[in-house]
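Just so you know, residue 1 is the first one in the sequence shown, and it goes up from there.
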Amino acid sequence: MPLQRVHFAEDVPEVFRASLQDIRREQEVPADFPPEVTAAALAAAKNVRLPELDRTDLEFVTIDPPDSMDLDQAVHIERTGNGYTVYYAIADVAAFVQAGDPIDVEARRRGETLYAPDKRTPLHPPELSEGAASLLPDQVCPAVLWTITVDATGESTGVTCERALVKSRAKLNYAGVQKDLDAGTASESLQLLREVGQLREKRELERGGVNLPIPDQEVVTSNHGWGLEFRAPLPVEGWNAQISLLTGMAAADLMMKGKIGILRTLPESHDDLRRKLGNTAKALGLVWADETTYAEFIHGLDPKVPAHAAMLAACTVLFRGAGYTAFDGNLPERPQHAAMKAEYAHVTAPLRRLVDRWTAEICIALSAGTEVPAWVRDSMVEIPKAMDDADRRAHAYERSIVSMVEAGLVADQVGSEFDGVITEVDQRENGRGIVALTAVAIEGRVTGTALPLGRPVRVKLVEADIAKRTVSFELVG
């Protein structure tokens with residue numbers, strides 16, 4: 001499920017620091033790595049298992065936020081005939097980590113990397129995730145190399161997955177790549193990233209898939225006090241994401257044909273969800289015609305427009321219920337990811353997500369026609385639960401942070417009135433519900449007599465507590 005993350009334009013203010021520590025305690029967020037795990041990581045970095053295949057000739061680059069050091073993916077694209085060849089190198093964590101070693105045991109406990117405005121809680125020790133295993137520039141690294149052929153329409157026509165040595169030529173960031181693409185000075189590979197990305201976006205819309213360009217929230221201060229701004233993702237972020245999605249779908253295809261794997265699955269949405277999102281659209285002044293599908297509506301939103309950005313953040317509920325489905329021998333009854341309208345697997349972020357180490361091993365074996373390693377087969381049924389637990393912790397952690405910031409933004413306005421729309425009413429008690437403010441991208445609990453679902457209302461802020469991370473309103477009139 002996509003997550004909306006909060007960033008501070010400057011250092012995190014002191015008023016939030018204590019609350020962030022409380023959130024970490026409540027959510028049982030891991031602290032520093034135990035000494036034995038750090039020692040094992042240092043030893044693993046010196047004793048890495050290197051593959052025989054050398055593809056350091058490919059001019060890979062990484063594209064990430066400027067401060068990222070845990071670089072999972074590097075890309076290089078070539079034009080071949082009427083189509084393209086996409087080379088996608090993924091950090092090979094299994095070259096450093098063995099089943100049952102201290103790093104593996106700790107990673108299974110953590111599940112995934114957690115993010116907060118003031119720190120990142122990594123899945124693997126920084127000695128690996130930001131050092132030896134990261135696809136840092138000019139560092140020869142072991143990688144899982146995906147080679148995917150794509151035709152002129154953006155459809156995948158073939159895939160291989162194998163271990164190889166690679167070397168990234170540059171650590172690029174989204175803003176810089178977008179600037180070079182707009183100026184026409186980007187490399188041929190990056191220009192082809194745009195071409196393939198746009199073709200894949202078109203294919204996604206045609207099949208009715210949804211890939212949310214979730215804007216991050218950034219808290220800024222001015223002479224007028226706190227402010228909340230949305231940072232819309234750049235077009236290149238969407239094109240880069242399409243390469244990851246292409247790879248995940250290719251992985252799922254290998255798994256389905258080989259009858260073994262771990263898929264990322266999501267059931268179809270229900271009518272109540274469409275009604276709730278329709279109410280949110282109304283609150284934000286957006287028109288969602290009855291005949292317009294989820295995919296068409298979402299593809300029509302512009303994350304640079306504040307109301308559209310807020311709507312995209314609200315649409316993350318479409319991904320609720322996503323989980324992992326492991327299978328071996330018999331295909332799952334419901335293998336599809338409903339939001340993508342395709343089978344899909346997580347394989348592109350092994351430094352930050354536990355399951356990707358298992359799926360990589362499965363795909364390497366299936367691509368080569370060899371046996372899946374015994375340690376993978378013996379433990380793969382445990383991974384869906386481990387990942388579900390990690391996802392729940394991550395969502396609760398980041399939701400608590402968003403709620404803390406929202407409370408802080410209006411903490412000095414208790415007693416003030418706002419315009420909003422009731423987006424949800426408690427089915428058991430229609431005097432309780434959720435209100436979405438019209439002028440500020442904040443939702444909160446609201447009480448009143450017979451709340452009018454989907455209707456504009458005037459509400460008064462009665463509570464905004466940073467420590468409790470609560471924002472509450474009552475209906476006016």
Side-chain angles (χ1 to χ4, degrees), residues 51-64 71-92 135 137 140-172 177 180-181 186-204 206-207 211 235-258 342-350 356 359-360 362-369:
E52 294 182 5
L53 179 62
D54 187 334
R55 292 313 313 262
T56 55
D57 59 305
L58 295 171
E59 297 186 354
F60 285 107
V61 297
T62 60
I63 312 174
D64 293 275
L71 309 182
D72 284 294
Q73 310 124 7
V75 64
H76 176 70
I77 304 178
E78 297 176 355
R79 193 184 299 279
T80 49
N82 293 326
Y84 312 85
T85 300
V86 175
Y87 297 99
Y88 208 37
I90 307 300
D92 187 3
L135 302 182
V140 176
C141 301
V144 178
L145 176 59
W146 290 84
T147 305
I148 306 173
T149 53
V150 177
D151 66 20
T153 72
E155 188 66 29
S156 173
T157 57
V159 60
T160 59
C161 176
E162 58 195 336
R163 286 194 156 88
L165 290 174
V166 302
K167 183 172 74 170
S168 171
R169 300 302 198 269
K171 178 179 181 289
L172 306 180
V177 172
D180 288 345
L181 285 169
S187 68
E188 181 182 4
S189 176
L190 292 176
Q191 293 181 50
L192 295 178
L193 170 66
R194 174 171 54 191
E195 281 188 36
V196 174
Q198 289 174 338
L199 287 170
R200 293 297 299 175
E201 287 175 338
K202 184 178 179 182
R203 301 289 301 182
E204 179 179 78
E206 288 171 348
R207 69 175 184 269
N211 178 37
V236 68
E237 294 179 63
W239 304 328
N240 198 45
Q242 286 296 332
I243 303 303
S244 183
L245 293 171
L246 169 70
T247 307
M249 291 176 191
D253 186 57
L254 279 173
M255 293 173 183
M256 293 293 285
K257 289 176 179 175
E343 284 84 34
Y344 172 68
H346 276 156
V347 292
T348 62
D356 298 48
T359 51
I362 293 168
C363 289
I364 290 169
L366 291 174
S367 184

(message) When you compare the side chain of Q191 with that of L181, does any pair of heavy atoms fall below 4.5 Å?
(response) yes
(message) Are C363 and M255 packed together at the side-chain level, in the sense that at least one heavy-atom pair is separated by less than 4.5 angstrom?
(response) yes
(message) Any heavy-atom pair between the side chains of Y87 and E78 that's under 4.5 Å?
(response) yes
(request) Please check if any side-chain donor atom of T85 sits under 3.5 Å from a side-chain acceptor atom of T149, or the reverse. (result) no
(message) Treating D356 as the side-chain partner and A349 as the backbone partner, does any N or O pair qualify as donor plus acceptor under 3.5 Å?
(response) yes
(request) Run the salt-bridge test on E52 and R163 with the 4.0 Å N-O cut-off and return the result as yes or no. (result) no
(message) When you compare the side chain of I364 with that of E162, does any pair of heavy atoms fall below 4.5 Å?
(response) no
(message) Please report the interatomic distance CD(E343) to CE(M256), rounded to the nearest 0.5 Å.
(response) 4.5 Å
(request) Please report the shortest heavy-atom distance between M249 and Y344, naming the atom on each side. (result) N-CD1, 3.9 Å
(request) Would you mind reporting whether V140 and V166 have side-chain heavy atoms less than 4.5 Å apart? (result) no
(message) Would you say that C141 contacts L165 through its side chain, given a criterion of any heavy-atom pair below 4.5 Å between the two side chains?
(response) no
(request) Of all the heavy-atom pairs spanning Y88 and N240, show the shortest one and how long it is. (result) OH-O, 4.3 Å
(request) Identify, with sequence neighbours excluded, every residue that meets ring-ring contact (aromatic ring centres under 6.0 Å, His included) alongside F60. (result) none
(message) Would you compute the distance between atom OG1 of T147 and atom CG of L145 and round it to the nearest 0.5 angstrom?
(response) 4.0 Å
(request) State, to 0.1 Å, how close V159 and A250 come at their nearest heavy-atom pair, and which atoms those are. (result) CG2-CB, 4.0 Å
(message) Would you say CD of E188 has more than 12 non-hydrogen atoms from neighbouring residues, nucleotides or ligands within 6.0 angstrom?
(response) no
(message) Within the 3.5 Å criterion, strictly below it, is a donor on T247 or T348 matched to an acceptor on the partner's side chain?
(response) no
(message) Less than 4.5 Å apart, side chain to side chain, heavy atoms only: is that true for Q198 and R194?
(response) yes
(message) Looking at every heavy atom in both S367 and C161, which two are closest together, and how far apart are they?
(response) OG-N, 3.0 Å
(request) Provide the closest heavy-atom pair for P350 versus A91 in the form atom of the first, atom of the second, distance. (result) CG-O, 3.1 Å
(request) Report the distance from atom CG of L192 to atom OG1 of T80, rounding to the nearest 0.5 Å. (result) 9.5 Å
(request) Go through the steps to decide whether E204 and E206 satisfy the test side chain to side chain contact (heavy atoms under 4.5 Å, CB included), and finish with yes or no. (result) CA-CA 5 Å; E204 179 179 78; E206 288 171 348; over 6 Å; no
(message) When you compare the side chain of L71 with that of D64, does any pair of heavy atoms fall below 4.5 Å?
(response) yes
(request) Establish, from distance only, whether the side-chain atoms of Y84 and E195 form a donor-acceptor pair under 3.5 Å. (result) yes
(request) Taking all heavy atoms of Q73 and all of L135, pick out the closest pair and write down the distance. (result) C-CD1, 3.9 Å
(message) Would you compute the distance between atom CD1 of I243 and atom CD1 of I77 and round it to the nearest 0.5 angstrom?
(response) 4.0 Å
(request) Starting at CZ of R203, measure out to CD of Q242 and round the result to the nearest 0.5 Å. (result) 12.0 Å
(request) Report the distance from atom CD1 of I148 to atom CG of L246, rounding to the nearest 0.5 Å. (result) 4.0 Å
(message) Applying side chain to side chain donor-acceptor pair (under 3.5 Å), can you list everything that pairs with R55, at least two apart in sequence or on another chain?
(response) D57
